Peer 1: 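If you scroll down you'll find the structure; I have some questions about it.
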Amino acid sequence: MNSAAPELPVDALDVLRKRRSAKWQTYPADVLPLTVAEMDFALAAPVADALREAVGRSDAGYAMATPGLGRALAGFAARRWNWDIDPASVTAVTDVGVGVVELLRLLARPADAVVISPPVYPPFFDWVPEAGARLVEVPLARDAAGWRLDLAGLEAAFATHPAAYVLCNPHNPVGRVHTPDELAALVRLARIYQVTLVSDEIHGPLVLPGATFTPLLTVPGAAEVAVSVLSASKAWNLAGLKCAAVVTAAPRTAAVAARLPPDTRWRIGHFGVLAAVAAFTDGGPWLDQLLATLDRRRALLGGLLRQRLPMVTWHPPEATFLAWLDCAALGPDDQARELFLGRGHVALEPGLRFGAAGAAHARLNFATSAGILDQATARMAAAAA
Ligand SMILES: Cc1ncc(COP(=O)(O)O)c(C=O)c1O
């Protein structure tokens with residue numbers, strides 16, 4: 001990665017406020033939204049070109065993901081992660097949420113248990129009951145170094161024979177990149193207790209300088225027990241376009257993917273497929289620039305927090321553009337988040353949305369300009385004073 005690469009530009013606030021997406025429509029105009037995982041950078045040129053060309057062709061019909069999506073993802077995974085994906089093992093789905101829910105419907109009988117590890121991306125709490133399964137929580141373990149998988153807790157839960165474990169790899173909101181050893185231990189448990197691992201790897205391309213992403217299916221022995229769900233939507237900011245990919249690497253899991261609802265292919269966004277293929281094929285240089293920019297924002301945020309909000313602590317994330325802030329010094333539950341919003345007019349995600357383990361935390365999205373981060377932390381400091 002070229003660390004001297006120019007930073008990605010961000011439009012001025014009044015231009016950003018013209019966006020019609022959720023991030024920019026949820027709060028009144030005097031609130032700085034550092035909430036939902038959308039980025040403020042301009043689209044990657046290859047992605048914008050692909051979309052513009054499609055509009056020029058009036059090419060807005062149904063999606064045709066095969067074989068382009070599998071080939072593009074396989075090429076990207078081989079170049080970036082040395083991960084050998086068979087393009088034929090890639091099944092397009094509407095988004096990661098649809099992919100996980102439909103997989104869980106196939107893996108779990110009604111009221112079977114499915115395990116998750118809070119604090120975690122809030123929809124995990126909804127996806128399990130949506131699939132008709134019963135939620136079992138094994139919170140992440142926390143020590144002075146940060147948050148990590150609680151392998152002993154997972155073993156105890158796996159011993160009760162849940163149908164599946166939904167892994168967040170890397171983990172939103174704590175930004176943890178699970179190590180090869182941790183993932184190998186997880187795979188060993190999954191094989192012993194016959195628990196299928198569904199690995200949400202949407203943040204895989206967003207591993208920041210200093211850490212290395214391990215796709216679960218590259219771990220020895222994982223293929224027989226794991227299914228991965230990936231998307232270009234976080235790293236290239238395409239969430240509204242609706243396209244993700246389920247990846248398998250063994251006959252048993254491929255047979256599960258083969259039973260995904262046949263109409264899924266008609267529920268994928270055509271622009272999502274075009275944008276994802278462009279991103280995976282030609283979006284590597286832009287992604288490098290993004291990661292270099294996010295690395296600098298992470299450092300900037302660390303400095304601003306130290307200077308202005310020393311009572312707020314964090315472990316800088318190894319991946320994602322999300323900062324998981326420990327605000328316990330400012331009050332229990334979501335009090336700090338309410339203070340930042342009510343008095344500072346800065347919106348963060350409330351920690352309790354990520355589970356009980358998220359109490360007294362807030363999640364801050366730093367995929368924005370240095371100026372907006374400067375303004376937001378100044379307002380948060382004034383609110384906390
Ligand atoms: C871990 C995780 N999974 C899934 C999603 C959403 O993905 P999709 O919009 O493809 O369902 C997000 C969005 O931020 C996420 O952080």
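As a basis for the values below, the full set of heavy atoms in this structure was taken, side chains included, without hydrogen atoms, waters or symmetry mates. Since this is a predicted model, take the numbers as computed values, not measurements.
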Peer 1: For a 4.5 angstrom cut-off between non-hydrogen side-chain atoms, does Arg297 reach Phe321?
Peer 2: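 Answer no - side chains too far apart.
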Peer 1: Using the rule given for side chain to side chain contact (heavy atoms under 4.5 Å, CB included), can you reason through Thr66 versus Thr91, listing the C-alpha separation, both sets of side-chain angles and the distance that settles it, and then say yes or no?
Peer 2: CA-CA 8 Å; Thr66 315; Thr91 308; over 6 Å; no
Peer 1: Would you check, one step at a time, whether the test side chain to side chain contact (heavy atoms under 4.5 Å, CB included) holds for Ser233 with Ile202?
Peer 2: CA-CA 7 Å; Ser233 71; Ile202 195 167; 3.4 Å; yes
Peer 1: I need the Phe41 CZ to Asn237 CG distance, nearest 0.5 Å.
Peer 2: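 Output value for this atom pair is 9.5 Å.
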Peer 1: Is Asp11 atom CG crowded by more than 12 heavy atoms from other residues, nucleotides or ligands, each under 6.0 Å away?
Peer 2: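 Yes, CG of Asp11 has more than 12 neighbouring heavy atoms, counting only those of other groups under 6.0 Å.
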Peer 1: Would Met39 and Leu291 show up in the same hydrophobic cluster when neighbours are defined by side-chain heavy atoms closer than 4.5 Å?
Peer 2: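 Met39 and Leu291: one cluster.
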Peer 1: Rounded at 0.5 Å granularity, tell me how far CD in Glu318 sits from OG1 in Thr320.
Peer 2: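 Those atoms lie 10.0 Å apart.
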Peer 1: I want to check something: taking the side chain as every heavy atom from C-beta on, are Trp83 and Leu73 in contact at a cut-off of under 4.5 Å?
Peer 2: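 Trp83 vs Leu73: side chains apart.
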Peer 1: Using a distance-only test with no angle check, is there a side-chain donor-acceptor pair under 3.5 angstrom linking His178 and Asn169?
Peer 2: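 The answer is no; no qualifying pair exists.
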Peer 1: Distance-only criterion, 3.5 Å: show the donor-acceptor pairs between side-chain atoms of residues 115-130 and protein atoms not counting sequence neighbours.
Peer 2:
from, atom 1, to, atom 2, distance (Å)
Ser117, OG, Val138, O, 2.9
Ser117, OG, Tyr165, OH, 2.8

Peer 1: Got a second to check how far Leu8's CG is from Leu43's CG, nearest 0.5 Å?
Peer 2: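 Between atom CG of Leu8 and atom CG of Leu43 there are 11.0 Å.
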Peer 1: Membership question, hydrophobic clusters at under 4.5 Å side-chain separation (ILVMFWY): are Val31 and Leu348 in the same one?
Peer 2: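 Leu348 and Val31: separate clusters.
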Peer 1: So with a 6.0 Å cut-off around CZ of Arg57, is the heavy-atom count from everything else above 12?
Peer 2: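 Atom CZ in Arg57 is packed in, count exceeds 12.
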Peer 1: Just verifying a value: how many Å separate Leu364 CG and Leu301 CG, rounded to the nearest 0.5 Å?
Peer 2: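 Interatomic distance, Leu364 CG to Leu301 CG, rounded to 0.5 Å: 5.5 Å.
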Peer 1: Between Arg308 and Thr377, does any side-chain donor sit less than 3.5 Å from a side-chain acceptor?
Peer 2: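 Their side chains do contain a donor-acceptor pair, which is all the 3.5 Å distance test asks for.
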Peer 1: Which pairs would a plain distance check flag for residues 139-148, meaning a side-chain donor or acceptor within less than 3.5 Å of a matching protein atom at least two apart in sequence or in another chain?
Peer 2:
from, atom 1, to, atom 2, distance (Å)
Arg142, NH2, Asp326, OD2, 2.7
Asp143, OD1, Ala145, N, 2.8
Asp143, OD1, Gly146, N, 3.3

Peer 1: Is there a donor-acceptor contact under 3.5 Å linking the side chains of Thr293 and Glu7?
Peer 2: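 Result is no, nothing qualifies.
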Peer 1: If I take atom CG from residue Leu325 and atom CG from residue Leu322, how far apart are they, to the nearest 0.5 angstrom?
Peer 2: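 If I round to the nearest 0.5 Å, the distance is 10.5 Å.
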Peer 1: Looking at side-chain heavy atoms only, is the closest gap between Glu201 and Pro215 below 4.5 Å?
Peer 2: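 Yes, side chains in contact.
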Peer 1: Is there side-chain contact between Pro261 and Glu102, with at least one heavy-atom pair below 4.5 Å?
Peer 2: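 Side-chain contact under 4.5 Å: yes.
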Peer 1: With a 4.0 Å cut-off, would you call Arg80 and Asp288 a salt bridge?
Peer 2: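 Salt bridge flag = yes for Asp288 with Arg80.
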Peer 1: Are Arg252 and Thr196 close enough that a side-chain donor and a side-chain acceptor fall under 3.5 Å?
Peer 2: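 Note: Arg252 and Thr196 side chains meet the donor-acceptor criterion.
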Peer 1: Between Leu34 and Ile372, is the side chain to side chain contact (heavy atoms under 4.5 Å, CB included) condition met? List the steps.
Peer 2: CA-CA 9 Å; Leu34 305 182; Ile372 289 177; 4.1 Å; yes
Peer 1: Would you call Val10 and Leu16 a side-chain contact if the rule is heavy atoms closer than 4.5 Å?
Peer 2: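 Yes, their side chains come closer than 4.5 Å.
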Peer 1: Heavy-atom distance under 4.5 Å between the side chains of Val247 and Leu217, does that happen here?
Peer 2: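 Answer yes - side chains close enough.
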Peer 1: Look at Glu182 together with Arg176 and state whether they make a salt bridge at an N to O cut-off of under 4.0 Å.
Peer 2: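 Looking at Glu182 and Arg176, the cut-off is met.
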Peer 1: Do Val93 and Val101 sit in the same hydrophobic cluster, where Ile, Leu, Val, Met, Phe, Trp and Tyr count as joined when their side-chain heavy atoms come under 4.5 Å apart?
Peer 2: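 Val93 and Val101: one cluster.
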Peer 1: Rounded to the nearest 0.5 Å, what separates atom CZ in Phe366 from atom CG in Leu304?
Peer 2: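 One finds 12.5 Å between CZ of Phe366 and CG of Leu304.
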Peer 1: Walk me through it: do His161 and Gln194 pass the test side chain to side chain contact (heavy atoms under 4.5 Å, CB included)?
Peer 2: CA-CA 7 Å; His161 300 293; Gln194 297 290 299; 5.6 Å; no
Peer 1: For the pair Asp334 and Arg353, find out whether any cationic side-chain nitrogen is under 4.0 Å from an anionic carboxylate oxygen.
Peer 2: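 Not counted as a salt bridge, because no side-chain N and carboxylate O are separated by less than 4.0 Å.
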Peer 1: Any salt bridge linking Asp30 with Arg17? Criterion: basic side-chain nitrogen under 4.0 Å from a carboxylate oxygen.
Peer 2: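 Answer for the salt bridge query: no.
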Peer 1: Evaluate the criterion salt bridge (Lys or Arg N to Asp or Glu O under 4.0 Å) for residue pair Arg298 and Asp295; output intermediate values, then yes/no.
Peer 2: CA-CA 5 Å; Arg298 176 175 61 173; Asp295 188 24; 2.8 Å; yes
Peer 1: For the pair Trp236 and Phe76, evaluate ring pair (Phe, Tyr, Trp, His ring centres under 6.0 Å) and give the outcome as yes or no after the intermediate values.
Peer 2: CA-CA 13 Å; Trp236 286 271; Phe76 178 79; 5.6 Å; yes
Peer 1: Hydrophobic cluster membership, with links at side-chain heavy-atom distances under 4.5 Å among I/L/V/M/F/W/Y: are Val225 and Leu106 in one?
Peer 2: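 No; tracing contacts between hydrophobic side chains, which count when under 4.5 Å, never links both residues.
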Peer 1: Which residues satisfy the ring pair (Phe, Tyr, Trp, His ring centres under 6.0 Å) test with Trp314, sequence neighbours excluded?
Peer 2: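 In terms of ring pair (Phe, Tyr, Trp, His ring centres under 6.0 Å), with neighbours along the sequence ignored, Trp314 is linked to no residue.
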Peer 1: With side chains defined as the heavy atoms from C-beta onward, is the minimum distance between Arg379 and Leu32 less than 4.5 Å?
Peer 2: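 They are in side-chain contact.
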Peer 1: Spell out, yes or no, whether Leu294 and Val47 are grouped together once hydrophobic residues are joined by side-chain heavy atoms under 4.5 Å, including indirect joins.
Peer 2: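 Result: yes, single cluster for both.
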Peer 1: I'd like to know whether Thr35 forms a side-chain hydrogen bond (donor to acceptor under 3.5 Å, both in side chains) with Arg363, so could you lay out the CA-CA distance, the side-chain angles of the two residues, the decisive distance to 0.1 Å, and finally the verdict.
Peer 2: CA-CA 7 Å; Thr35 49; Arg363 195 192 71 176; over 6 Å; no
